[in-house]
Amino acid sequence: MNEPKEEKSLNFIESMIEEDIRNKKHNGDVYTRFPPEPNGYLHIGHAKSICLNFGLAQKYKGKCNLRFDDTNPEKEEEEYVKSILEDVKWLGFDWEGEPKYASDYFDQLYEWAEKLIKKGKAYIDELSADEIAKQKGSPTQAGQNSPFRERSAEENLKLFREMKEGKYKEGEKILRAKIDMSSPNMHMRDPIMYRVLHKSHHRTGDKWCIYPMYDFTHGQSDYIEGITHSICTLEFEVHRPLYDWFLDQFIETNYRPGQTEFARLNMSYTVMSKRKLLELVEEKLVIGWDDPRMPTISGLRRRGYTPESIRNFSDKIGVAKRDNVIDVALLEHSVKEDLNKKAPRVMAVLDPIKVILKNYPEGKTEEIETINNPEDESMGSRTLPFSREIYIERNDFMEDPPNKYFRLAPGREVRLKSAYIIKCEEVIKNEKGEIEELICSYDPETRSGSGSTRKVKGTLHWVSAAHAINAEVRLYDRLFNDEDPGGKKEQDFKDFLNPDSLEILTGAKFEPSLNTVKPFENLQFQRLGYFCVDPDSTEDKLVFNRTVPLRDTWGKRHK
RNA sequence: UGUCCGAUGGUGUAAUUGGCAACACAUCUGAUUUUGGUUCAGAAGAGUCCAGGUUCGAGCCCUGGUCGGACAACCA
């Protein structure tokens, strides 16, 4: 029998939607959209919005559009469009129909602008940007009307058409909505609708030299697409009256999209603004947008995060209206949880020290069977070569171990995972006193699976020296040392960059089965952590990225 | 001297007629374990920003404060 699933409580947006459905608002339909500006790569904060918007559509059997908010040709590029398409798809979501573009609506928007002019609700201003800012007032002080505010509709129309035809330089003239220069809401003080921009647009080319502003575009785009629930982040809250005001000017039907705002995601030890991320990329402080230390979707992908882990994360953080800072540990937990079920376990020794089994026959090789994932029997097993000389992790041996150290030490025994129990007989050092190799003996009666019942405290991972393959390993740590690098007024966020956020290992040794792995494959290096194959890997040089280390209750106590 | 929004363990989110403040992460124990992983069992941690009010009963309703955030780009 199926246990009734525990009813998960609704977030405030779901509650609103369910109420709309009960009230038959929008005929009970749910139509959302994810509207990025193609001016940068998507990050984990966008993932929250993507999961929210597409998730809501799935949950309520509605639809969700992907719409590029591409009204500013100055910052937007095709490269970003491509990456956004890829990232949304990779996260596992599919938009309704073709991707949409606000620029597809430029003709309609222009028509609406003319309509507003004719109604006497928009005018051409000739003040400079500085002058406009000055007469706009301040949050606590009313603004003043522009001297150009009372032009006739005919003159405004003529000038607007001339703007469109390219008769004016950038900044010379703009189109403003005529609302209320003394509104307590700054956004209602005659907001700019269109500006002159002699820039080529990544989609419309040189067709236009005037471009609509966000506020004059977004609500109408929602309206054109039939969006019912327009969900955005909190900073647009004060734009909502304007969103509604523009719709009021054109809407003749009962249908009207509504804007709802939620708190954007903030995460500890990273920055989440496109401007700052762009800065890191441009100043080459990271390798690129997809640097595994970046909070971008492409960075997380390259780091080894799975789409499912990001969706689960998004689920866990919830949706609300208060400012929040999510502990990066929750993101890491989400990926460990997913990879624990999925990632095959393999043997990898990152910092090797050689062990010689003095009583093991020279030249002999055994094939040792080992299970691929104890969490999932269906993942089967594989064999590992075992021979007289093997590598173990350097920190799995201590000459003078502390209490409760269960690993190898002089005279002590440990099990080699899936193989034999060995005992450390002798420590070989070089002239500098550094440990070179360990001479051990093995107990042939203790082979795994042979029915041996002898127990030892520690089990170590290992790799047969003669069969080992080499690869580069990149270990990542948080990009910033400060919990809130972007939140300091007086200090640049880059001052908090962690100089040790990347460590490259070149001497690591791996079991031979790893020679067939492909980029982005997830693995668990036994006892170490989850790793994935970096796309930098070539036929003769593998590169692994550490996604996240395994929980280490011993290491934590013995720092 | 404005408008809008918010305030619940360390963090995030719940508490849906006003009825024992719950879940997850993080932290700490213990058990199991051929991964010091996983799993399991358990502990600790908030009395809900403050002051009043309504009520048998308030995190929730009312009033007044306090604190925090957003808003003055020809950005989105």
Side-chain angles (χ1 to χ4, degrees), chain A residues 6 8-11 15 18 35-37 39 69-72 74-76 102 125 128-129 132-134 136-143 170-176 183-189 192-197 210-211 213-215 217-218 232-241 261 263 268 274-275 316-327 329-334 336-337 340-341 345 370-371 374-375 404-407 414-419 421 446 448-449 452 455-461 524-529 549-558:
Chain A
E6 187 149 325
K8 221 189 136 201
S9 59
L10 304 177
N11 64 48
S15 304
E18 295 200 0
E37 183 189 12
N39 68 342
D69 228 331
D70 56 349
T71 57
N72 183 4
E74 222 152 336
K75 292 189 190 165
E76 296 153 8
D125 204 340
S128 71
I132 287 179
K134 216 175 283 167
K136 200 162 193 177
S138 74
T140 54
Q141 196 178 5
E170 291 183 15
E172 218 175 320
K173 289 192 170 41
I174 52 154
L175 180 68
R176 292 229 254 169
S183 168
N185 182 338
M186 297 292 286
H187 295 278
M188 300 300 272
R189 321 246 262 227
I192 293 165
M193 293 165 59
Y194 269 91
R195 76 285 213 190
V196 175
L197 239 36
I210 57 171
Y211 292 92
M213 300 288 287
Y214 165 84
D215 285 307
T217 305
H218 205 91
C232 61
T233 46
L234 243 29
E235 65 268 29
F236 293 99
E237 220 159 13
V238 278
H239 293 244
R240 189 169 0 117
E261 311 84 11
S268 57
K274 280 192 203 169
R275 199 209 87 222
K316 278 188 251 223
I317 59 177
V319 182
K321 293 191 77 155
R322 70 171 127 162
D323 295 330
N324 60 83
V325 183
I326 304 288
D327 191 340
L330 187 58
L331 217 212
E332 292 176 348
H333 169 261
S334 302
K336 282 189 263 192
E337 188 183 38
N340 179 46
K341 292 179 294 185
R345 275 56 170 170
T370 189
I371 195 153
E375 301 293 314
K404 282 197 166 165
Y405 182 84
F406 330 135
R407 284 112 97 147
V414 293
R415 175 172 286 282
L416 297 177
K417 172 80 182 166
S418 300
I421 290 175
T446 56
S448 293
S452 152
K455 297 271 187 222
V456 287
K457 275 268 179 55
T459 300
L460 308 186
H461 59 280
Q524 187 199 88
F525 290 177
Q526 202 112 206
R527 299 212 303 135
L528 297 173
L550 248 32
R551 188 163 154 222
D552 180 9
T553 44
W554 170 255
K556 195 182 275 179
R557 276 212 298 270
H558 296 265

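Convention: sequence-line order gives letters A, B, ...; per-chain numbering from 1.
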Need the pair for [N]. Rule: Watson-Crick or G-U wobble, both distances under 3.5 Å, any strand; none if unpaired.
N	answer
B:C71	B:G2
B:C40	B:G30
B:A24	B:U11

- Task: Have a look at A:Arg345 and say if it touches a base, only the backbone sugar-phosphate, or nothing, with a 4.0 Å heavy-atom cut-off.
- Result: base
- Tell me what A:Gln524 touches on the nucleic acid: a base, only sugar-phosphate, or nothing, going by heavy atoms under 4.0 Å. base
Measuring from the side chain of [X] (C-beta onward, heavy atoms only), which nucleotide among [options] has the closest atom?
X	options	result
A:Ser9	B:A24, B:U34, B:A15	B:A15
A:Leu550	B:U34, B:U1, B:G37	B:G37
A:Ala320	B:G37, B:A14, B:U34	B:A14

- Query: With the sugar-phosphate defined as primed atoms, P, OP1 and OP2, and the base as all remaining atoms, what B/S/- string results for nucleotides 66-76 of chain B, 5' to 3', for protein heavy atoms under 4.0 Å?
  - Reply: ---SSSB-BBB
Report yes if at least one side-chain N or O of [X] is closer than 4.0 Å to OP1 or OP2 of [N]; otherwise report no.
X	N	answer
A:Lys336	B:G37	no
A:Arg551	B:G36	no
A:His333	B:C25	yes

- Record whether the side chain of A:Ser418 comes under 3.5 Å of the base of B:U34 through a donor-acceptor pair of N or O atoms. no
- Query: When only distance counts, do a donor and an acceptor, one from the side chain of A:Arg415 and one from the base of B:U34, lie under 3.5 Å apart?
  - Reply: yes
- Message: Run the ring pair (Phe, Tyr, Trp, His ring centres under 6.0 Å) test against A:His333 and tell me which residues pass, sequence neighbours left out.
- Response: none
- Task: Applying side-chain hydrogen bond (donor to acceptor under 3.5 Å, both in side chains), run through A:Ser448 and A:Arg415 and close with a yes or a no.
- Result: CA-CA 9 Å; A:Ser448 293; A:Arg415 175 172 286 282; 3.2 Å; yes
